[in-house]
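Everything on this sheet refers to the single structure shown next.
Each residue takes its place number in the sequence, starting with 1.
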Amino acid sequence: MLELCILKVDDPGCFWGRIVKGAGVCVEDPKEYEELHIQMNLFYHKVNLDIEKMRLPSLEEGQVCVVYSGALKSWCRAVLESLFQGADGCQALCFLVDHAKRISVNADKYVKFLQLPFWVRKFQLSGIHPMTLQVSDSLEKAELVPSSHWDTSLYCILCYTFCVCINIYSIITQTYIYIYITEVMEVLLPGAEVVLKMTLSACENESSHTHCVWSQALSQWSYSRPGVTECYCWPMVARGCDTLIVSSNGDDPLSYLPPFLTHLTHLMLSSVYSTLTSHTGPIAVILCPGWKKSQHLSDMLEISAARSLNPLTILVGHRREEAKSVKIKNCQLLVTTPFSLVRLLVFHTFLFLRLCHLVLDEVDVLYTRAPEEMSTILQHFEKVAASEERTSMPRQIIAAGRRWSHHAETLLTEHMRDPCVIITAPEEAALYGKVHQVGWGHCISRGLFAWKLHEKLIYQFDVIIDQWRKVNDPGTHIVLVTTNHCVKALDIQDATCIVHYGFPSTPKQFGQRLFYMSKNFGNLSDKKLSHSAKSVLLLSEYNASHINGILRYMERANAVIPHELQDFAKGVMQAKEKQKAQRPLCSHLKSFGFCRDCRVCPDRHTVDPVQDAPQHINSRTITILPLYIKNASCYYGRLVSGKKDGYNSLAAQMAEHYAIERLHATKVVEGGIYALQEEDVYHRVRVQAVMERGERLFYSVLVCFLDEGHQKEVKAHQLLILPSQFQILPPQAVEIIVCRVQPIDGEVDWNPKVSWHISQKIKGVQHQGKIVLCLGNTVWVDPMVRITSMPGLKTTINEYDIHSEILATGMGTNNPQHVVLLRELCQRADVEKIPSQGCGCLEPIPEIQDVRQGTPCTECHSITEQ
């Protein structure tokens, strides 16, 4: 018989322990291992030790090495078990062979050490194996079958039972043992019987078919394994808890979607919602910040295990008729936006009386774009959940995002019940904890003790940490001056102030520093807790590249920003704009008159008198032939002249040339001009980029069609040599932007439905328009209409106006400041004083008229109602 000390339970049939006593067995002396760890720590704390030389050249599973454990405050021998991607980069999971603990450390923290006998050993129970409850797809049959893994709930029970020092008498049979417990709480059972009873009480509820579908879905999503965030939030979401997630990948639906859909499907199979008096309408709604995210989620649901929920994506515009005509049949899961949902609630409130689950995807963006709509939706959810018939029904709110905000605080305190808050980004946790952020500051104290610690003073670790933890008189402070590397080993979490003397190089490093004050963070559940943590940033001109990020962070922290810092930030913004001098003018600025975020946009936001000198005549009425529809309000096409069209002549000559001689380009270079045949038409193209060729015989290139404006990827061997006489005519493609219109609901991109509708209507059809502004090769037109001649009459009518067509879809809204903002930019750059470089091919055309609706306005050529 052996007496063992159980240290760790891997599963109900396998655990780690130390042999304390045993006849005929060599028992290790604990003092020998204590001396081993002392010598090992002294070795790695030597001042002249070059740790870099001790690092392992490569990492493989099963390697024996030495790592530093922050919990044990010691270097420990370990066996490398696996590598994975964690919040701090590449991480390695290792097993401490003398302590029976698993920890994760940075993959570059492993060093070599001697392979000495391990203090803990692995034991397995004999005569048992895991079982699971398998439910048939029809839910009519259930049976216990062997399983490849133990149920996770059983781990928790056994760890609670066995992870203490108890006396166990064992009989060794090969590598397995029979175990008899003599001191365990109140239950005394043989090992096999313990496992059987626990397995019967904790079984899997999913069928094998559903598990297979989920495996396929995760594989198609290129999802390998749960990360740090998922390890914390998935269990809470699966239990139906109100959950708030803030992490660097909080905008990824996979942070909540798999457990949420599993939980929802399980409740549906259990007929939990059958008692609801309202039998139509969704039981769950996922709110997305815009149409792009809604479409992305819809695509994910198509390949997931949620088909039984009949997921549906609905986006409605401003038109009341559209929202009124929406039909929602047999849909349990609805994906939409806050604006669309509010429009649906106006006409279909009765369809949302079954709502039990509300998911807020990118909750920080939702509140920024639609604060009033979010308030309306949450009020409806609260009202529905408070009805008498819903007392026993599930009620769940899930919110996921990348940033903490005061809106999230309101959501937590006013709408969530016993919420689980998961914040894996330390810098966001600091905002939650209301850490005071200041640009610079000073400290007055009655007593001050200062310590320094760096890589050459590691031997002082114990002294410094003991001094840090001592209880001192009120008003007495300990100041520790240290480095990023050393402070990690001290495991400090109760600092009250962090002074960033060396500016943090990345947001991740900034968050790590703030986390050293985590025990002094505020907590929304404890109103009495004072917010004593403070972060002091010392800024200078050397930190110019970080100033915008710091300002945004301080604004979110409601910090007082000194005027000097604001002026400094303005100067940095101006300098950055100057560095963008060779970049193209921002596309959003051109399309709408403003940029979504100038601080992060890589393109130019100032008008350059040279680059943006007008290439076409302003204040002219022209004929436009749209050939490529980029989106609902931006097109590429040609400005057609009333006289002989040079492009048609060029196209005819090119067709005649290549009918006789077709020479393929043997060497394709970036920036080169070539010809490309599509059906019976030859196009002039410029190579924008050459894809990586590798060892392939055929490779692709990205080309721009000079006379149509669009880009396309083609095979290099399709390009033909373009004779010089065909390169004389300048590119005919002109960027054409329709003025005074923008997407609804604060969207930055047009909904594809609108762009498709406009493309079907105008592509390849001549229109009339007036140029109200021209910068470079871009013209802004207002209006742009399709004019049709009346048969047998000398009269024309306006068939449609593109501006009105966009508004009629319900997905566009007026933008009256569009041209005003652009002209202000031009005035600051004196662009309008520069003579235009007209192409000479434009001829005046008659005034645009609509004999049905009114007469032309002589000032702007728009239609004036009579």
Side-chain angles (χ1 to χ4, degrees), residues 317-319 321-322 591-592 616-643 645 734-744 750 753-774 778-820 822 841-866:
H318 275 315
R319 293 191 301 119
E321 296 79 9
E322 182 183 7
S591 294
F592 311 125
H616 307 280
I617 302 174
N618 281 342
S619 301
R620 295 291 300 272
T621 304
I622 57 172
T623 301
I624 303 168
L625 180 62
L627 297 172
Y628 169 63
I629 312 304
K630 182 179 179 181
N631 55 52
S633 63
C634 181
Y635 331 119
Y636 285 89
R638 294 199 297 272
L639 307 183
V640 181
S641 170
K643 58 184 181 181
D645 193 339
V734 177
E735 186 179 25
I736 305 156
I737 297 177
V738 175
C739 300
R740 300 183 298 107
V741 67
Q742 66 181 8
I744 61 171
W750 286 103
K753 292 193 301 183
V754 190
S755 299
W756 181 86
H757 171 73
I758 297 299
S759 176
Q760 294 295 307
K761 203 170 191 68
I762 72 172
K763 186 175 180 180
V765 179
Q766 289 191 1
H767 293 72
Q768 310 297 316
K770 180 186 176 184
I771 299 179
V772 296
L773 182 65
C774 177
T778 303
V779 296
W780 284 260
V781 293
D782 190 10
M784 180 174 170
V785 298
R786 167 65 174 166
I787 294 182
T788 305
S789 299
M790 297 293 291
L793 300 175
K794 296 181 179 180
T795 306
T796 59
I797 63 170
N798 290 355
E799 187 175 331
Y800 58 82
D801 174 16
I802 294 182
H803 180 276
S804 300
E805 285 292 318
I806 295 175
L807 297 183
T809 64
M811 293 293 179
T813 185
N814 277 308
N815 181 14
Q817 294 297 309
H818 184 187
V819 180
V820 176
L822 290 173
C841 64
L842 299 178
E843 292 290 335
I845 63 175
E847 299 285 353
I848 301 175
Q849 296 190 29
D850 187 342
V851 297
R852 300 170 301 170
Q853 299 180 3
T855 58
C857 172
T858 56
E859 181 178 354
C860 66
H861 292 249
S862 61
I863 301 301
T864 305
E865 292 187 4
Q866 293 181 338

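A distance-only check finds no donor-acceptor pair linking the side chain of Thr623 to the backbone of Gln768 [under 3.5 Å]. A donor-acceptor pair under 3.5 Å links the side-chain atoms of His818 to the main chain of Ser591, judged by distance alone. Distance alone, capped at 3.5 Å, places no donor-acceptor pair between the Arg786 side chain and the Ile762 backbone. Remark: side-chain polar atoms of His616 are not paired, donor with acceptor, to backbone N or O of Cys774 under 3.5 angstrom.
Across Asp782, Leu773, Leu822, a single residue satisfies side-chain contact (heavy atoms from CB on, under 4.5 Å) together with Cys739, and that is Asp782.
For the residue pair Trp750 and Met811, the shortest heavy atom distance occurs at CZ3-O, 3.6 Å. Among all heavy-atom pairs drawn from Phe592 and Asn815, the shortest one is O-ND2, 2.9 Å. Lys753 and Glu322 get closest at one heavy-atom pair: NZ-OE2, 4.1 Å. Contact record, Ile737 with Cys634: CG1-SG, 4.1 Å, taken as the closest heavy-atom pair. Closest approach of Glu805 to Tyr800, counting heavy atoms only: OE2-CB, 3.7 Å. The two residues Tyr635 and Pro626 come nearest to each other via the heavy atoms CB-CB, 4.5 Å.
At least one side-chain heavy atom of Asn798 sits under 4.5 Å from a side-chain heavy atom of Ile787. Within the 4.5 Å cutoff, side-chain heavy atoms of Gln742 are placed close to those of Thr813. For the pair Ile624 and Leu639, the minimum side-chain heavy-atom distance is below 4.5 Å.
A distance of 7.5 Å separates CZ in Arg319 from OG1 in Thr809, rounded to the nearest 0.5 Å. With rounding to the nearest 0.5 Å, the separation of CD1 in Ile736 from CD1 in Ile622 is 7.0 Å. With rounding to the nearest 0.5 Å, the separation of OG1 in Thr795 from CE in Met790 is 7.5 Å. Rounded to the nearest 0.5 Å, atoms CD1 (Ile806) and CZ (Arg740) are 10.5 Å apart. Interatomic distance, NZ of Lys761 versus CD of Glu799, reported as 6.5 Å (0.5 Å rounding).
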Apply the test side-chain contact (heavy atoms from CB on, under 4.5 Å) to residues Gln760 and Ile629: give CA-CA distance (whole Å), side-chain angles for both, the deciding distance (0.1 Å), then the verdict. CA-CA 9 Å; Gln760 294 295 307; Ile629 312 304; over 6 Å; no
